[in-house]
Student: 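Input: one structure, supplied below.
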Amino acid sequence: MSEETRNQESAEMQSQEQLDQIVSLKKGDTVKGTIVKLEDNQAYVSIGYKYDGVIPVRELSSVQLDNASDAVQVGQEVECKVVSINDDKESLVLSKRAIDAENAWDELEKHFEAQDVFEVTVADVVKGGLVADVGARGFIPASMVERHFVEDFSDYKGRTLRVKVKELDRENNKVILSQKDVLEEEFEANKQKVMAELKEGQVLEGTVQRLTQFGAFVDVGGVDGLVHVSEIAWNHVDKPSDVLSEGDQVRVKVLKVDPEKGKISLSIKAAGPGPWETAGEQFHTGDIVTGVVKRLVSFGAFVELAPGVEGLVHISQISHKHIGTPQEVLKEGQEVQVKVLDINPSEQRVSLSIKETEEAPAQAPRAEKPSKGPKIDLKDNPNVSLNNQGMSVTLGERFGDKLSKFK
């Protein structure tokens, strides 16, 4: 057989195959082809038929697209389903979305059963959450995007997220995805690891994440620990927001780690030198300083000299005049001048005096006591003798004549 004869037979066979395809092509068939041309609202596909098929933009993806180029590129191999065919009008409408959805549901069911993690690209931001093309329309509710609250999702379009299948309903074409579940699991795993490495007494650098009425949550290595409001500063703090802001870098000391409850107690004030450690350098015996009355008790007043450093003014050291209670002359919150009588930082004790900062009032002269009888001048009395030690009156001189008869 000549070469020319063989080529002719081969051409006839190809023509017959094409004829068979033309004859057998019908609605619902699955075909494979190559993207040969793109327009805004459709893509042209060569499937070896006598004319090219068209995929409308709505049939390119399970999510809404602005342009066909958002889903496919020229030269890309695609698998499609015949939606309609009209040889008289040379109209062949195909759907890539239909085939993708059929293949996707099998994969989604596998992901759902295994609860494994896979990546998706955010195709659109809609009211209530995000949309991703996973062969079917995958929806990520706003509450399942991040571990924290997100107010604006406008910059999420085009992002790649790591998700799990949260809910799956093939009959109703419902696919709910969650990135939050992935982040929560990773957070918990990291939390256990960090907590296992944390030691009580350890001092760390942290970042203030959240502020509440009762304290501040500080991130230490990817895990949040609580600094109670009483552990923020040595002085009294009404609200954490008065002294801290989210994002602040702070040094914290680990007070307690409870892996079972997943709680970490931290302290900002304990991470630095305590007030009594510097009190010995700041205050000395004999110093007169300004303080604030913090508490009044029956035996005196506690006066704050510096945050965390309080000294006692004993009731006897409050005033030069006698007082029954400290409340008679002092009130809490009052600013007073005090003198340091004694300071012992190691015992965290300071003795103070208010009255020694004040001049003592002058004493009034004493009034002479009135005599009970007539004044007797003893100077010239012969019965009285005066000497440097005092005076004496002898019985013999006073009663001599009367005593002689008893001899």
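For reference, positions follow the sequence shown, starting with 1.
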Student: Let me know which of E107, H111, K110 forms a side chain to side chain contact (heavy atoms under 4.5 Å, CB included) with F118.
Tutor: H111

Student: Of the options I55, V82, V83, I85, which is the one that meets V93 in a side chain to side chain contact (heavy atoms under 4.5 Å, CB included)?
Tutor: V83

Student: How far apart are the C-alpha atoms of V350 and L312, what are their side-chain angles, what is the distance that settles it, and do they pass the side chain to side chain contact (heavy atoms under 4.5 Å, CB included) test?
Tutor: CA-CA 6 Å; V350 181; L312 173 65; over 6 Å; no

Student: Heavy atoms, side chains only, cut-off 4.5 Å: are L25 and I47 in contact?
Tutor: yes

Student: If you define the side chain from C-beta out and look only at heavy atoms, does anything of V218 sit under 4.5 Å from L204?
Tutor: no

Student: Just wondering, are more than 12 heavy atoms of other shown residues or ligands nearer than 6.0 Å to CD in E359?
Tutor: no

Student: V145 and L183: which non-hydrogen atoms are nearest, and at how many Å?
Tutor: O-CD1, 4.0 Å

Student: Taking the side chain as everything from C-beta on, heavy atoms only, tell me whether V289 gets closer than 4.5 Å to L305.
Tutor: yes

Student: Please answer whether the main-chain N or O of S316 pairs with a side-chain N or O of K355 as donor and acceptor at a distance below 3.5 Å.
Tutor: yes

Student: Rounded to the nearest 0.5 Å, how far does OG1 of T285 lie from NZ of K339?
Tutor: 10.0 Å

Student: Is there a donor-acceptor pair under 3.5 Å between the side chain of Q202 and the backbone N or O of K199?
Tutor: yes

Student: Looking at F112, is its backbone amide N or carbonyl O close enough to the side chain of Q115 to form a donor-acceptor pair, meaning the two atoms are under 3.5 Å apart?
Tutor: yes

Student: Show me the pairs that pass ring-ring contact (aromatic ring centres under 6.0 Å, His included) and involve residues 277-299, at least two apart or across chains.
Tutor: none

Student: Between L161 and L130, is the side chain to side chain contact (heavy atoms under 4.5 Å, CB included) condition met? List the steps.
Tutor: CA-CA 11 Å; L161 305 182; L130 310 175; 3.9 Å; yes

Student: Rounded to the nearest 0.5 Å, what separates atom CG in N235 from atom NZ in K294?
Tutor: 8.0 Å

Student: How about Q76 and T34: does a side-chain donor come under 3.5 Å of a side-chain acceptor?
Tutor: no

Student: Going by heavy atoms in the side chains, are V45 and V31 under 4.5 Å from each other?
Tutor: no

Student: So, taking the atom named OG1 in T290 and the one named CD in E335, what distance separates them when rounded to the nearest 0.5 Å?
Tutor: 5.5 Å

Student: Would you indicate whether R170, at its atom CZ, is surrounded by more than 12 heavy atoms from other residues, nucleotides or ligands within a distance under 6.0 Å?
Tutor: yes

Student: Between W276 and G308, is there a donor-acceptor pair closer than 3.5 Å when you use the side chain of the first and the backbone of the second?
Tutor: yes

Student: May I ask you to say whether E205 pairs ionically with R251, meaning some side-chain N is under 4.0 Å from a carboxylate O?
Tutor: yes

Student: Nearest 0.5 Å please: distance from the CG atom of D52 over to the NZ atom of K37.
Tutor: 9.5 Å

Student: Is it the case that over 12 heavy atoms from other parts of the model lie below 6.0 angstrom from the CD atom of Q213?
Tutor: no

Student: Considering only heavy atoms from C-beta outward, does the side chain of V254 approach that of L266 to under 4.5 Å?
Tutor: yes

Student: Minimum heavy-atom separation for V313 to S353, with atom names?
Tutor: CG1-CA, 4.3 Å

Student: Does the K164 side chain pair with the main chain of D181, one donor and one acceptor, at a distance under 3.5 Å?
Tutor: no

Student: Does the side chain of D87 reach to within under 4.5 Å of the side chain of K50, using non-hydrogen atoms?
Tutor: yes

Student: Find the distance between CD1 (I268) and CH2 (W234) and round it off to the nearest 0.5 Å.
Tutor: 12.5 Å

Student: Using the salt bridge (charged side-chain N to carboxylate O under 4.0 Å, His left out) definition, which of the options E304, E310, E332 pairs with R295?
Tutor: E310

Student: ring-ring contact (aromatic ring centres under 6.0 Å, His included): which pairs involve residues 156-186, sequence neighbours left out?
Tutor: F153-Y156

Student: Calculate, to the nearest 0.5 Å, the distance between atoms CD and CE belonging to E260 and M195 respectively.
Tutor: 10.0 Å

Student: Report yes if some heavy atom in the side chain of L198 is under 4.5 Å from a heavy atom in the side chain of V223; otherwise report no.
Tutor: no

Student: Tell me if a side-chain donor or acceptor on Q334 pairs with a main-chain N or O of K331 at a distance below 3.5 Å.
Tutor: yes

Student: Any donor-acceptor pair under 3.5 Å linking the side chain of D219 with the backbone of G222?
Tutor: yes

Student: Within a strict 4.5 Å, meaning less than it, do heavy atoms of the F139 and I176 side chains meet?
Tutor: yes

Student: Would a distance-only check, ignoring hydrogens and angles, find a side-chain to backbone donor-acceptor pair under 3.5 Å from Q73 to S69?
Tutor: yes

Student: Which heavy atom in D133 sits nearest to a heavy atom in S62, and how many Å separate them?
Tutor: OD1-OG, 2.9 Å

Student: Run K32 and E77 through salt bridge (charged side-chain N to carboxylate O under 4.0 Å, His left out) and show every step you take.
Tutor: CA-CA 7 Å; K32 292 182 180 181; E77 297 291 328; over 6 Å; no

Student: Carefully, step by step, assess K26 and D29 under the rule salt bridge (charged side-chain N to carboxylate O under 4.0 Å, His left out).
Tutor: CA-CA 6 Å; K26 62 185 183 299; D29 284 354; 3.3 Å; yes

Student: Between E109 and D106 (side chain of the first, backbone of the second, donor and acceptor by atom type, cut-off under 3.5 Å), is there such a pair?
Tutor: no

Student: Are the side chain of K269 and the backbone of S230 linked by a donor-acceptor contact shorter than 3.5 Å?
Tutor: yes

Student: Would you name the heavy atoms of V57 and A68 that are closest together and state the gap between them?
Tutor: CG2-N, 4.0 Å

Student: Start with the C-alpha gap between E59 and L94, add the side-chain angles, then the distance that decides, and say whether side chain to side chain contact (heavy atoms under 4.5 Å, CB included) holds.
Tutor: CA-CA 7 Å; E59 295 296 335; L94 307 173; over 6 Å; no

Student: Does this structure show an ion pair linking R349 with D342, if we count only N-O contacts that are shorter than 4.0 Å?
Tutor: yes

Student: For salt bridge (charged side-chain N to carboxylate O under 4.0 Å, His left out), just list the numbers for R162 and E186, CA-CA rounded to whole Å, side-chain angles, deciding distance to a tenth of an Å, and then say yes or no.
Tutor: CA-CA 11 Å; R162 293 176 302 117; E186 292 177 348; 2.6 Å; yes

Student: The criterion is side chain to side chain contact (heavy atoms under 4.5 Å, CB included); which residues satisfy it with A270, sequence neighbours excluded?
Tutor: K253, S267

Student: Begin from the C-alpha positions of V131 and V63 and carry the test side chain to side chain contact (heavy atoms under 4.5 Å, CB included) through to its verdict.
Tutor: CA-CA 7 Å; V131 174; V63 299; 3.2 Å; yes

Student: How close do A279 and V309 get, counting heavy atoms only, and between which atoms?
Tutor: CB-CG2, 4.2 Å

Student: For residues V126 and R137, report the shortest heavy-atom separation together with the two atoms involved.
Tutor: CG2-NH2, 4.4 Å

